[in-house]
Amino acid sequence: QVHLVESGGGLVQPGGSLRLSCAVSGFTLDYYAIGWFRQAPGKELEGVSGIGSSDGITYYADSVKGRFTISRDNAKNLVSLQMNSLKPEDTAVYYCAAGVIPYSGFFRFASEHQSYDSWGQGTQVTVSS
């Protein structure tokens, strides 16, 4: 059974950094795109970043571009999200998710939660002074 577990969340000051990890089991990571989503209090689920299967194509939401970096290590079945220059508006529960997204449709579909069918439990990120 496909299983994803997020870790690395916590409390940081504005301007600080966190590194989130998504550990994947139950399938070969090479076959799946991985997306990071977040949900802040009172707001809808938001696509943050994603990385394609078996290649290096990525996307970032405009709100995090230049501050966040996604990467994957297929040999370790691990996807990470490095978050720098954090802002209070980054406060949210962060989720990783796995889905089958073709290369030709990656930039159209990777930011949509409907593209993913396996989800982690979430990890809390709080940015506050």
Side-chain angles (χ1 to χ4, degrees):
Q1 185 176 359
V2 175
H3 191 217
L4 301 92
V5 178
E6 303 94 336
S7 62
L11 173 65
V12 296
Q13 293 183 307
S17 297
L18 283 174
R19 187 177 182 88
L20 305 184
S21 295
C22 177
V24 178
S25 62
F27 65 98
T28 302
L29 185 57
D30 307 57
Y31 302 156
Y32 290 84
I34 301 295
W36 284 97
F37 293 79
R38 67 187 182 186
Q39 189 160 32
K43 301 186 70 175
E44 65 183 7
L45 192 67
E46 175 191 17
V48 176
S49 184
I51 188 165
S53 60
S54 302
D55 56 56
I57 57 173
T58 61
Y59 93 90
Y60 297 92
D62 289 342
S63 59
V64 308
K65 197 169 298 181
R67 300 189 296 120
F68 291 10
T69 303
I70 191 170
S71 61
R72 67 191 297 160
D73 185 338
N74 289 355
K76 296 180 179 179
N77 284 1
L78 190 67
V79 177
S80 65
L81 184 70
Q82 179 67 43
M83 307 187 297
N84 298 327
S85 302
L86 284 162
K87 306 173 180 179
E89 51 263 44
D90 294 318
T91 296
V93 177
Y94 284 71
Y95 301 89
C96 65
V100 179
I101 304 176
Y103 180 91
S104 60
F106 180 80
F107 294 103
R108 284 173 285 172
F109 302 121
S111 64
E112 302 296 326
H113 65 86
Q114 297 92 337
S115 301
Y116 302 87
D117 50 23
S118 299
W119 292 78
Q121 84 290 345
T123 186
Q124 177 71 48
V125 172
T126 302
V127 185
S128 180
S129 59

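In this text, all values refer to a predicted model and were calculated from it rather than measured experimentally. This chain uses plain numbering: 1 for the first residue, then up along the sequence.
For Asn84, the side-chain contact (heavy atoms from CB on, under 4.5 Å) criterion is met by Ser17, Gln82, not counting sequence neighbours. When the ring pair (Phe, Tyr, Trp, His ring centres under 6.0 Å) test is applied to Phe37, the partners found at least two apart in sequence or on another chain are Tyr116, Trp119. Applying the side-chain contact (heavy atoms from CB on, under 4.5 Å) test to Pro88 and every residue at least two apart in sequence or in another chain returns Pro14, Val127. Every residue two or more places apart in sequence or in another chain was checked for a side chain to side chain donor-acceptor pair (under 3.5 Å) with Ser118, and none qualifies. Partners of Ser85 according to the side chain to side chain donor-acceptor pair (under 3.5 Å) rule, which considers only residues two or more places apart in sequence or in another chain, do not exist here. Phe109 meets the side-chain contact (heavy atoms from CB on, under 4.5 Å) test with Ile101, Ser115; sequence neighbours excluded. In this structure Ser71 satisfies the side chain to side chain donor-acceptor pair (under 3.5 Å) test together with Ser80, sequence neighbours excluded. A search for side-chain contact (heavy atoms from CB on, under 4.5 Å) contacts involving Val5 returns His3, Gln121, not counting sequence neighbours. Every side chain to side chain donor-acceptor pair (under 3.5 Å) that Lys65 has, sequence neighbours left out, goes to Asp62.
You'll find the side chain of Leu45 reaches within 4.5 Å of the side chain of Tyr95, heavy atoms only. Two residues are said to be in side-chain contact when any heavy atoms from C-beta on lie closer than 4.5 Å; Leu20 and Met83 meet this criterion. Using a 4.5 Å heavy-atom cutoff, the side chains of Val2 and Leu4 are in contact.
Sorted by first and then second residue, the salt bridge (charged side-chain N to carboxylate O under 4.0 Å, His left out) pairs with a member in residues 80-102 read Arg38-Asp90, Arg67-Asp90; sequence neighbours excluded. The disulfide (SG to SG under 2.5 Å) pairs that include a residue from residues 88-129 are Cys22-Cys96, where partners are two or more places apart or lie in different chains. Among residue pairs with one or both ends in residues 59-92, none qualify as ring pair (Phe, Tyr, Trp, His ring centres under 6.0 Å); sequence neighbours excluded.
Although no hydrogens or angles enter the test, the distance criterion places a donor-acceptor pair under 3.5 Å between the side chain of Arg72 and the main chain of Gly52. A distance-only check finds no donor-acceptor pair linking the side chain of Gln13 to the backbone of Ser129 [under 3.5 Å].
A distance of 8.0 Å separates CG of Leu81 from OG1 of Thr69, quoted to the nearest 0.5 Å.
Residues Ile34 and Ile70 come closest through the heavy atom pair O-CD1, 4.1 Å.
Hydrophobic clustering of Ile, Leu, Val, Met, Phe, Trp and Tyr side chains at less than 4.5 Å, counting indirect connections, keeps Tyr32 apart from Leu78. Cluster annotation: Leu11 and Leu86 are assigned to distinct hydrophobic clusters (Ile/Leu/Val/Met/Phe/Trp/Tyr, side-chain heavy-atom contacts under 4.5 Å, transitive).
The number of heavy-atom neighbours closer than 6.0 Å to CZ of Phe107, taken from other residues, nucleotides and ligands shown, is above 12.
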